[in-house]
Amino acid sequence: MVPDAAALDETAWRDVDTAIAQVLAKRPRAARRQLALLVRILDTLPLFRWGRRFHELGAARRARFLDAMQYSPIPLVRRGVWGLRTLVFLGYYARPDVQTTLGYRANSRGWALRR
Amino acid sequence: MISVDADVIIVGSGAGGGTVARTLAPLARDGLRVLLFEQGPRLDDHEFTGREIEMADALYEDGGGFLTADGTMTLAFGRAYGGSTVVYTGTSLVAPERVIRAWDVPGLTHDDIARRSQVVMEENGVHLLEDADLNENNRLFVTGCARTGLHAEQFPLNLRGCVGSSLCNLGCPNLAKQGTHRVQLPAAERQGVEVVTRAEVLRVEERAVVVRVREKRDGEKGRPSEWRAGEYRVGAGTIVLCGGSIGSSALLLRSGFRDRLPALGQGFTCHPAHILVAEHDHPITNDVGHPKSYFLDRSAEEGYVLETCMYFPFVTAKNLTGFGESHARLMRAFPRLQMILVLAIDHASDGNRIAVDRHGRPVVHYKLARGTIASLVRATRTSARIFFAAGALRVHAPSARPPLLEREDASRIDELVTERHFLPGTISVSAAHLMGGCAMGRDTRDSVTDSWGRVHGIPWLRVADSSLFPDALQINPYVTVMALADRVAEGVREEAGSLVAAARG
């Protein structure tokens with residue numbers, strides 16, 4: 001979902017996992033169960049097309065599969081993929097080092113640092 | 001359960017609760033006990049760090065990610081001392097006369113709202129930013145509007161000493177934004193109003209509320225509660241609910257008022273919105289300066305409003321459709337991004353309502369009407385024209401597929417941006433103008449309160465927040481919430497003479 005995340009080291013990945021886990025921990029148990037079920041379904045579905053599970057696919061096929069899922073005619077699937085990508089983006093794009101790399105420079109001192 | 005007596009209870013400390021506290025503060029000075037309960041924490045000034053997730057967690061319900069029942073829309077509302085006024089951008093507009101007339105609430109006039117709005121705006125230091133303080137994200141919007149024959153208007157803002165951090169939506173780190181946490185609540189406390197934070201009102205009983213005060217958890221921002229943790233039953237002659245559209249409606253629903261008030265929770269509107277992004281060929285000042293300085297009001301003509309905006313990296317990433325390389329490429333262009341927030345004017349309808357689950361937690365049922373989707377698509381087309389007229393290379397339009405429009409597509413915007421491509425669940429839609437649920441009106445058949453916020457048939461219970469709106473306001477609502485709250489509080493104050501006399505013995 002985030003190609004640049006490939007550059008993260010092991011510690012950074014642990015931080016990403018922790019950030020996502022912290023958000024999930026605040027969600028109702030039923031919502032967490034639904035998400036876990038969705039992940040299992042998304043992992044299984046590619047078997048019917050490519051004979052492999054999602055986690056066994058190459059990057060290009062993963063992208064094609066997720067693209068199809070995000071435009072699925074089934075609203076529940078679309079919402080599930082939206083929720084998953086939101087979690088992934090939270091884990092990655094909320095990181096201060098990533099925000100700095102992107103060039104995001106908002107600072108409480110505002111104009112004083114930019115003029 | 002600990003018993004406490006008071007004369008007036010206020011539930012919530014945002015635009016509604018803060019104003020009620022300010023208007024009723026003279027009662028406290030005269031000896032009445034006025035208590036205000038706020039579910040969220042009271043942050044110290046140094047705790048406003050501007051860090052995205054940290055502040056969202058501290059200041060918003062569900063970190064800003066409260067989902068509607070079907071999961072297709074995110075609702076953002078504050079939960080802190082000052083409520084949503086801590087996290088808005090301070091845009092200060094008076095309700096349009098045509099909207100108040102269309103509400104058709106007996107006894108409520110636009111003149112009264114406008115007069116009270118002026119008082120609030122003066123109190124909050126509302127003014128227009130100087131030209132030198134406008135960033136390029138805003139200037140490009142003005143330029144794009146002018147080149148497409150549209151007239152962008154400047155937002156009056158309630159700021160004092162703004163240095164342009166651009167972090168309004170994460171709580172101003174410079175104390176510049178004049179929310180109720182800076183203006184009305186401190187003034188009320190100085191006169192004797194008691195504010196209790198981390199205090200969740202569980203239910204409303206006959207002339208009383210049951211409140212749970214919770215401990216500050218390890219690592220949480222904010223001061224400990226003013227009261228010891230525990231459950232309290234607090235009695236009072238008058239109770240004023242100011243928990244916002246969702247909070248007040250849910251509180252009354254879980255307190256069992258639905259049988260007496262069939263309109264309770266109905267008529268929820270929220271100005272559904274999404275963020276549009278365009279890429280320029282050079283960096284622009286976008287993450288410095290006030291983020292929301294201009295708007296284009298097409299509410300009467302085309303059912304939408306466009307506002308300048310600038311969001312933080314995670315929120316931006318979430319709002320772009322798709323993922324992978326095309327998504328990442330746009331994110332890497334962050335310093336070159338221009339943003340517009342499009343808001344659709346929705347209308348109260350039968351299905352869109354606030355309910356509670358079996359635990360009493362709020363559940364918002366909301367389905368985007370076809371007309372609302374059409375408004376969002378029209379707004380997207382106009383925004384795309386504005387972006388390109390301002391010089392953008394490409395525009396991210398969620399209701400196009402693929403969502404990226406290149407410059408050479410500029411002549412085909414109507415063909416590429418369509419309702420057919422607007423897929424709820426794929427497109428990020430969010431809302432922060434939460435309205436309705438305890439609407440003002442004639443009687444219990446069409447509403448919950450009268451035009452003074454008095455709950456029908458329950459003289460000791462009032463409502464003073466955005467839940468009073470019988471339909472969408474069609475502009476940023478906080479000034480109107482404060483004007484209505486002032487009106488409700490005035491009604492309470494006028495009837496409180498006997499209470500004051502009793503308190504003075």
Side-chain angles (χ1 to χ4, degrees), chain A residues 1-6 19-20 22-23 26-28 30-31 34-35 59-60 62-64 66-67 69-96 98-115, chain B residues 48-54 56-57 62-63 65 67 70-72 74 132-133 135 162-167 170 172-174 283 285-290 310 312-318 320-325 327-328 331-336 357 359 361 401 421 423-428:
Chain A
M1 280 200 177
V2 185
D4 300 352
I20 293 173
Q22 282 172 348
V23 169
K26 292 174 195 159
R27 292 287 173 189
Q34 283 170 5
L35 188 70
R62 283 185 184 189
R64 272 171 60 195
L66 288 175
D67 191 56
M69 291 297 103
Q70 75 166 338
Y71 291 112
S72 165
I74 305 166
L76 199 63
V77 173
R78 294 201 301 269
R79 292 199 300 269
V81 172
W82 183 89
L84 267 181
R85 68 190 277 286
T86 297
L87 285 170
V88 172
F89 290 158
L90 177 137
Y92 183 75
Y93 285 111
R95 293 175 58 81
V98 169
Q99 297 192 345
T100 303
T101 305
L102 292 176
Y104 175 70
R105 294 192 289 159
N107 186 285
S108 60
R109 294 179 61 199
W111 288 113
L113 290 183
R114 308 285 277 274
R115 280 177 171 154
Chain B
F48 290 89
T49 62
R51 287 194 277 272
E52 188 173 5
I53 300 302
E54 178 185 313
D57 275 347
D62 281 352
L67 284 169
D70 72 359
T72 56
T74 309
D133 292 329
N135 67 18
C162 174
V163 300
S165 74
S166 84
L167 297 166
L170 299 176
C172 179
N174 301 305
T285 46
N286 55 16
D287 55 5
V288 63
H290 186 271
M310 192 66 210
F312 321 103
F314 160 58
V315 172
T316 303
K318 183 174 84 166
L320 300 174
T321 48
F323 47 83
E325 186 52 35
H327 182 279
M331 286 302 295
R332 285 183 216 119
F334 206 91
R336 302 194 303 277
D357 66 13
H359 303 292
R361 289 183 300 234
R401 189 172 171 190
H421 296 316
L423 273 185
T426 300
I427 292 180
S428 284

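Just so it is clear, the values below take in all heavy atoms, side chains as well, and ignore hydrogens, waters and symmetry mates. To find a chain, count down the sequence lines: A is the first, B the second, and so on, and within it residues start at 1.
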Taken in chain and number order and not counting sequence neighbours, the residues that satisfy salt bridge (charged side-chain N to carboxylate O under 4.0 Å, His left out) with Arg51(B) are Glu54(B)
Closest non-hydrogen contact found for Tyr93(A) with Ala317(B) is CD1-CB, 3.4 Å
So does Arg105(A) have more than 12 non-hydrogen atoms from other groups sitting under 6.0 Å from CZ? no
Value for OH (Tyr104(A)) from CG (Asn286(B)), rounded to nearest 0.5 Å, stands at 9.5 Å
Per-residue tally against chain B (heavy atom, under 4.5 Å) across Val23(A), Leu66(A), Leu76(A), Val81(A) peaks at Leu66(A)
Against chain B, residues from residues 107-114 of chain A with at least one heavy atom under 4.5 Å, in numeric order, are Asn107(A), Ser108(A), Arg109(A), Gly110(A), Trp111(A), Arg114(A)
Under 4.5 Å to a heavy atom of chain A? For Asp133(B) that would be both
Looking only at Gly50(B), Ser165(B), Gly63(B), the option with the highest number of non-hydrogen pairs under 4.5 Å against chain A is Ser165(B)
Turns out that what part of Ser428(B) lies under 4.5 Å from chain A's heavy atoms comes down to both
Turns out that what part of Glu52(B) lies under 4.5 Å from chain A's heavy atoms comes down to side chain
Turns out that what part of Thr426(B) lies under 4.5 Å from chain A's heavy atoms comes down to both
Sorted by chain and number, sequence neighbours left out, side chain to side chain donor-acceptor pair (under 3.5 Å) with Arg401(B) holds for none
Ranking Leu170(B), Asn135(B), Leu67(B) by heavy-atom pairs under 4.5 Å to chain A gives rank one to Asn135(B)
Across all chains, not counting sequence neighbours, the side chain to side chain donor-acceptor pair (under 3.5 Å) partners of Arg78(A) are none
